[in-house]
Novice: 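First the structure, which I've put down as structure tokens, then a few questions once you've had a look.
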Amino acid sequence: MAPLDELRKLCLALPEATERLSHGEPTWFVRGKKTFVTFANHHHDDGRLAFWCPAPPGAQEDLVRTEPERFFRPPYVGHRGWLGVRLDVDVDWAEIDHIVRDAYRLVAPRSLAVLIEN
């Protein structure tokens, strides 16, 4: 399955998640309002197939420092702690699922966030 299709499957499995284009890329929202994942297909020709998402405090710094070949600080939202996750490298989809779920929990209302497993 293509990386976008895998990512879409993970995102849309979450409660009240929706997808629409935002800034020309597939983006997933909670209740159509708050973004929790944005696909990035070679954003401004940066050479990366990736996605961006909010991350728990400190996670971006730790992951970018320890695994810079897989994680990066995305433009525009990186200063707010968002994480860039490469999909054009060897991808561990179980780990991606965990990252997506963490991102969802950070923006979803508590009543929805408690519905998903770790």
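Keep in mind that the numbers below use all heavy atoms, side chains included, and drop hydrogens, waters and symmetry copies.
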Novice: When you measure from the centre of the six-membered ring of F71, is the NZ or CZ of R86 under 6.0 Å away and within 45° of the axis?
Specialist: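 The answer is no, since R86 fails at least one limit relative to F71.
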
Novice: CZ/F51 to OG1/T38 distance, rounded to the nearest 0.5 angstrom?
Specialist: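 So the gap between those two atoms works out to 10.5 Å.
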
Novice: List the atom of I116, the atom of P15, and the distance in Å for their closest heavy-atom pair.
Specialist: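 The pair with the smallest heavy-atom distance is CG2-CD, 3.4 Å.
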
Novice: Donor-acceptor check, side chain of R8 to backbone of W28, threshold 3.5 angstrom: yes or no?
Specialist: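 It does not hold such a pair.
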
Novice: Determine whether K34 and F29 make a side-chain contact, defined as any pair of heavy atoms from C-beta on separated by less than 4.5 Å.
Specialist: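 In short, these two side chains do not touch, never coming nearer than 4.5 Å.
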
Novice: My understanding is that only residues two or more places apart in sequence, or in another chain, count here; which of them pass ring pair (Phe, Tyr, Trp, His ring centres under 6.0 Å) with F36?
Specialist: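 F36 satisfies ring pair (Phe, Tyr, Trp, His ring centres under 6.0 Å) with Y104 once adjacent residues are dropped.
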
Novice: Evaluate side-chain contact (heavy atoms from CB on, under 4.5 Å) for T35 paired with S22, printing each intermediate quantity in order.
Specialist: CA-CA 10 Å; T35 303; S22 179; 5.8 Å; no

Novice: So, for C11 and A17, which heavy atoms are closest and what is the spacing to 0.1 Å?
Specialist: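 Closest approach of C11 to A17, heavy atoms only: O-CB, 3.2 Å.
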
Novice: Is there a continuous path of hydrophobic side-chain contacts, each under 4.5 Å between heavy atoms, that joins L63 to F72?
Specialist: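 No, it is not one cluster - the side chains of L63 and F72 are not joined through contacts under 4.5 Å.
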
Novice: Using every non-hydrogen atom in the two residues, find where V30 and P109 come nearest and quote the distance to one decimal.
Specialist: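 Smallest interatomic distance, heavy atoms only, reads CG1-CD, 3.8 Å.
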
Novice: Does D90 CG have over 12 foreign heavy atoms under 6.0 Å away?
Specialist: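 Open.
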
Novice: I want to check something: taking the side chain as every heavy atom from C-beta on, are C53 and V100 in contact at a cut-off of under 4.5 Å?
Specialist: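 Of all side-chain heavy-atom pairs linking V100 with C53, none is under 4.5 Å.
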
Novice: For E25 versus T27, what's the shortest heavy-atom pair and its separation?
Specialist: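 So the two residues come closest at O-OG1, 3.1 Å.
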
Novice: Out of curiosity, T18 OG1 to K33 NZ, how far, rounded to the nearest 0.5 Å?
Specialist: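 So the OG1 of T18 and the NZ of K33 are separated by 10.5 Å.
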
Novice: Identify the two heavy atoms, one from L112 and one from E16, that lie closest to each other, and give their separation to 0.1 Å.
Specialist: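 Residues L112 and E16, closest heavy atoms: CD2-OE2, 3.5 Å.
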
Novice: Any chance you could measure D88, atom CG, to H42, atom NE2, to the nearest 0.5 Å?
Specialist: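 Here the rounded value is 6.5 Å.
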
Novice: Scan the side chains in residues 73-85 for donor-acceptor partners under 3.5 Å anywhere in the protein, sequence neighbours excluded, and list what turns up.
Specialist:
| from | atom 1 | to | atom 2 | distance (Å) |
| --- | --- | --- | --- | --- |
| R73 | NE | G78 | O | 3.3 |
| Y76 | OH | H44 | NE2 | 3.1 |
| H79 | ND1 | Y76 | O | 3.1 |

Novice: Under the salt bridge (Lys or Arg N to Asp or Glu O under 4.0 Å) criterion, do D5 and K9 qualify, and how do the steps go?
Specialist: CA-CA 6 Å; D5 295 332; K9 184 175 93 175; over 6 Å; no

Novice: Under a 4.5 Å side-chain heavy-atom rule over Ile, Leu, Val, Met, Phe, Trp and Tyr, are V64 and W52 clustered together?
Specialist: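 Looking at the clustering, W52 is in a separate group from V64.
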
Novice: Considering all heavy atoms of both residues, which atom of E19 and which atom of P26 are nearest to each other, and what is their separation?
Specialist: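 That closest heavy-atom pairing would be OE2-CB, 3.6 Å.
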
Novice: Roughly how far apart are L87 CG and R48 CZ, rounded to 0.5 Å?
Specialist: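 Answer rounded to 0.5 Å: 12.0 Å.
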
Novice: According to a hydrophobic-cluster definition based on side-chain heavy atoms being under 4.5 Å apart (Ile, Leu, Val, Met, Phe, Trp, Tyr only), do L12 and V107 belong together?
Specialist: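 Same hydrophobic cluster.
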
Novice: What's the spacing between E67 CD and D62 CG if we round to 0.5 Å?
Specialist: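 One finds 10.5 Å between CD of E67 and CG of D62.
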
Novice: Hey, mind stepping through N41 and F39 against side-chain contact (heavy atoms from CB on, under 4.5 Å) and telling me if it holds?
Specialist: CA-CA 6 Å; N41 187 0; F39 189 67; 3.7 Å; yes

